[in-house]
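Below is one structure, written out as structure tokens, with a few remarks after it.
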Number of protein chains: 2
Amino acid sequence: MASTVCRWGILGAANIARKNWKAIRLAENATLTAVASREPSRAKEWIDGCQAECPFPAAPAACNYDDLLKRPDVDAVYIPLPTGVRREWVVKAANAGKHVLCEKPCASNAGDLRTMIDACRAKGVQFMDGVMFMHGKRLPLLRSVIDDGETVGQLRRIATQFSFAAGDDFLKGNIRVSSALEPLGALGDLGWYNIRFSLFVMKYALPTKVSGRLLTEHGGGGATVPLEFSGELFWPNGVSASFYCSFNTELQQWAHVSGTKGSVAVRDFVLPYYGCESEFVADRPVFNVKGTSYHWESHPKRHAVTEYSDGAPDAQETNMIRTFSALALGGRPDPVWPDVALKTQVVLDACLASARNGGALVEVK
Amino acid sequence: MASTVCRWGILGAANIARKNWKAIRLAENATLTAVASREPSRAKEWIDGCQAECPFPAAPAACNYDDLLKRPDVDAVYIPLPTGVRREWVVKAANAGKHVLCEKPCASNAGDLRTMIDACRAKGVQFMDGVMFMHGKRLPLLRSVIDDGETVGQLRRIATQFSFAAGDDFLKGNIRVSSALEPLGALGDLGWYNIRFSLFVMKYALPTKVSGRLLTEHGGGGATVPLEFSGELFWPNGVSASFYCSFNTELQQWAHVSGTKGSVAVRDFVLPYYGCESEFVADRPVFNVKGTSYHWESHPKRHAVTEYSDGAPDAQETNMIRTFSALALGGRPDPVWPDVALKTQVVLDACLASARNGGALVEVK
């Protein structure tokens, strides 16, 4: 009899993993078997902290990375390890027969990601990147509104910003600005979401050309890390998308989608604001001329769902774990997930290549 | 005794001029003496239509352009003539000793605009471009919020979109897509506002570098007109601004200003939506980590003023006429207005030069 519960292991006691700990706890088709750190004692300490806040009936085991992958009671692994070492551990996990939920940016470059995805495919295990908003309840509604032919009409422009002000301590110590561990910096950590959202709007059609600008970098020489980045994506049907991501700018996570008939605006596309109804606003403005005066009228329509992203049973991260667990248990990997992860990385790579070449247009291949 | 009422003439019976007709009627320090068209009969017809809607006690006289400029009872002229012929008539008006309120884009290029401004300066008459939002009641409040040091903190990023879907008829017949009359197309008609707003936020410091992309053009050969354009402005202190303008995309007129502490969003920065309170939203989001979960909280604060833009006594266009009339009557031209118009045109020119050169960075001089 096939199991109805996916048994998880976490490779790397990272801060972001606390959120997925809770999501695994809340998803009825998932449980957590083991957590690995470089030293099992460190994993143990982390587990104790998480258990105190959100306990599993039995505390997960603490081990090191290799031992976790050898465990027969682990079906799937969540890998929040730094990007710089992710290829190694994703490939090892796949070769050990584990399904892989991989933090973003998935890899340092698309070549590495192809290697990782190929390893998963060869072993018949699921690969997915950990983009939580893909699993939010808003997304199907947003899809239907964008596609209804009336609200937006023909798509023309997408604009997104995802930023937060990291502060000086972050810039000194956080691995997200280490060229060895996180070579893509803010572009990988934040721009991944900008690009993914734009691809989502475009139903995952790849742009044919992109450009990018490194607005602020950290470090010197060839080992700089993007701290602030803007890019633009161009599709052959005339749609374009601009994005901006930054560790220097206080939180903004807005997206505008506009077309020939109207627009849709989301102010918190990455992580729904806590305690707010998660919503987006569709607007069909009207231009009126009356006699010697004229005016524009705005006719906004709000589409709201109640969605918290703090480990609620139906939070987007819980849905992510739930969906992934079902795929892992089903034994038939869904090729869409590695495909959209790879497309995101390919576009990201091309934007960075453009920026390194003075902002020239780069063809996406 | 100096007059307390500025006597206006309108050079060109354009649709936009209907709005300023009403504004002149409503400003207590202004009146309208004459309206010129190529044929006085056409001016007469236009005057009759406007009088029926919003009458002056005595109907303005109908004349042709040259005759209007000869009239001693005209102190100031509003020139909504097409951009392609504007230099000629602005220079003639200045030489005739008339103060000049000039529609935007002021000129086909910055060289022409310098000629126009020089002519005004030589004759001691005021020059101003007809950017109505510069005279809205929101602007001083927006300035103080951006500058308060807490709401936005240090500026990092400006993003704006101004677009409307012009439709097929427009693209076939409207002068705004004629390469001879409106060579700057949507970049001139709409991008002028994007650039001006960004300059306003930056207290009119010129960006040192810009880039631009012609996303859609109208016509063929060297005489194409921009229909859809994106650009990016870069200041030496690290602030950047992206903008998008389009005749292909339904109305959007939003602006985001973000910095190290928070952001300000305006959804109708060009023309306040009719029947809505004119507002902007300042947001100081907070990132909280609690136990195994974490969340972002948004703390938006709305700054609203009641402001209609349909010819109300305190509408932005009425304020524009009021301010200009006072300057004309005062006899001491304010050099700030020609300066900000020229800066807008210089940046616009540089963006277009970049676009014509494949999007390469262009230095602003």
Side-chain angles (χ1 to χ4, degrees), chain A residues 18-19 21-22 50 53-54 153 156-157 159 161 163-165 211 213 215-216 228 230 232 234 238 240 242 244 246 248-252 254 256 258-263 265 267-268 271 273-276 284-285 287-289 291-298 308-311 358-361, chain B residues 15 18-19 21-22 50 53-54 153 156-157 159 161 163-165 211 213 215-216 228 230 232 234 238 240 242 244 246 248-252 254 256 258-263 265 267-268 271 273-276 284-285 287-288 291-298 308-311 358-361:
Chain A
R18 291 175 172 269
K19 196 170 184 180
W21 167 296
K22 201 164 179 177
C50 291
E53 291 286 341
C54 173
R156 295 303 306 173
R157 183 71 170 181
Q161 174 165 340
S163 60
F164 66 84
S211 65
R213 296 255 178 237
L215 301 172
T216 313
E228 197 177 5
S230 66
E232 202 165 4
F234 307 95
S240 61
S242 75
Y244 169 80
S246 170
N248 295 328
T249 311
E250 190 50 285
L251 180 64
Q252 297 252 294
W254 53 257
H256 285 265
S258 49
T260 52
K261 294 187 177 178
S263 61
R267 73 187 186 115
D268 54 353
L271 183 66
Y273 282 116
Y274 182 79
C276 298
R284 290 291 303 273
F287 179 60
N288 286 321
V289 181
T292 58
S293 73
Y294 60 94
H295 58 261
W296 269 311
E297 290 171 7
S298 170
Y308 300 117
S309 185
D310 68 331
L361 277 181
Chain B
N15 203 39
R18 292 176 172 267
K19 196 170 184 179
W21 167 296
K22 200 164 180 178
C50 291
E53 291 286 340
C54 174
R156 294 303 306 174
R157 182 72 171 180
Q161 174 165 339
S163 60
F164 65 85
S211 65
R213 296 255 178 237
L215 301 172
T216 314
E228 197 176 7
S230 66
E232 201 165 5
F234 307 95
S240 61
S242 75
Y244 168 80
S246 169
N248 296 327
T249 310
E250 191 48 287
L251 180 65
Q252 298 252 293
W254 53 255
H256 285 265
S258 48
T260 52
K261 294 187 178 179
S263 61
R267 74 188 185 114
D268 55 353
L271 183 66
Y273 283 117
Y274 182 80
C276 297
R284 290 289 305 272
F287 179 60
N288 286 319
T292 59
S293 74
Y294 59 96
H295 59 262
W296 270 313
E297 290 170 7
S298 171
Y308 299 115
S309 185
D310 68 332
L361 276 181

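Only heavy atoms go into these numbers, but all of them, side chains included; no hydrogens, no water, no symmetry mates. Just so it is clear: chains get the letters A, B, ... in the order the sequence lines come, proteins before strands, and each one is counted from 1.
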query = Would you call the rings of Phe164(B) and Trp296(A) parallel, tilted or perpendicular if under 30° counts as parallel and over 60° as perpendicular?
reply = tilted
key: Any side-chain heavy-atom pair of Tyr244(B) and Glu228(B) under 4.5 Å   = yes
query = In terms of heavy-atom pairs under 4.5 Å, which option from Lys261(A), Gln252(A), Arg157(A) contacts chain B the most?
reply = Arg157(A)
inquiry  = Looking only at heavy atoms and a cut-off of under 4.5 Å, which of Ser242(B), Ala165(B), Ser298(B), Ala265(B) has the most pairs with chain A?
reply    = Ser298(B)
note = With chain A, the option among Gln161(B), Arg267(B), Arg213(B) that has the most non-hydrogen atom pairs under 4.5 Å is Arg213(B)
remark   = Closest non-hydrogen contact found for Phe234(B) with Ser240(B) is CD2-CB, 4.0 Å
query = For Arg284(A), which residues count as a salt bridge (Lys or Arg N to Asp or Glu O under 4.0 Å) partner, sequence neighbours excluded?
reply = Glu150(A)
request  = Pick whichever of Gly238(A), Ser263(A), Gly358(A), Gly359(A) has the most heavy-atom pairs under 4.5 Å with chain B.
outcome  = Ser263(A)
query = When heavy-atom pairs shorter than 4.5 Å are enumerated against chain B, which of Leu215(A), Thr249(A), Leu361(A) gives the highest number?
reply = Thr249(A)
ask   = Between Ser230(B) and Glu232(A), what is the shortest heavy-atom contact and its length?
value = OG-OE2, 2.5 Å
request  = Could you tell me whether the side chain of Trp254(B) and the main chain of His256(A) form a donor-acceptor pair under 3.5 Å?
outcome  = no
query = Tell me, side chain or backbone of Thr216(B) under 4.5 Å from chain A's heavy atoms, or both, or neither?
reply = side chain
ask   = For chain B, which of Thr260(A), Asp268(A), Leu271(A), Leu251(A) has the most heavy-atom pairs under 4.5 Å?
value = Leu251(A)
ask   = For Glu250(B), which residues count as a salt bridge (Lys or Arg N to Asp or Glu O under 4.0 Å) partner, sequence neighbours excluded?
value = none
task = Counting only heavy atoms closer than 4.5 Å, note whether Ser258(A) contacts chain B via side chain, backbone, both or neither.
result = both
request  = Could you tell me which of Ser211(A), Ser246(A), Ser163(A), Ala159(A) has the largest number of non-hydrogen atom pairs under 4.5 Å with chain B?
outcome  = Ser211(A)
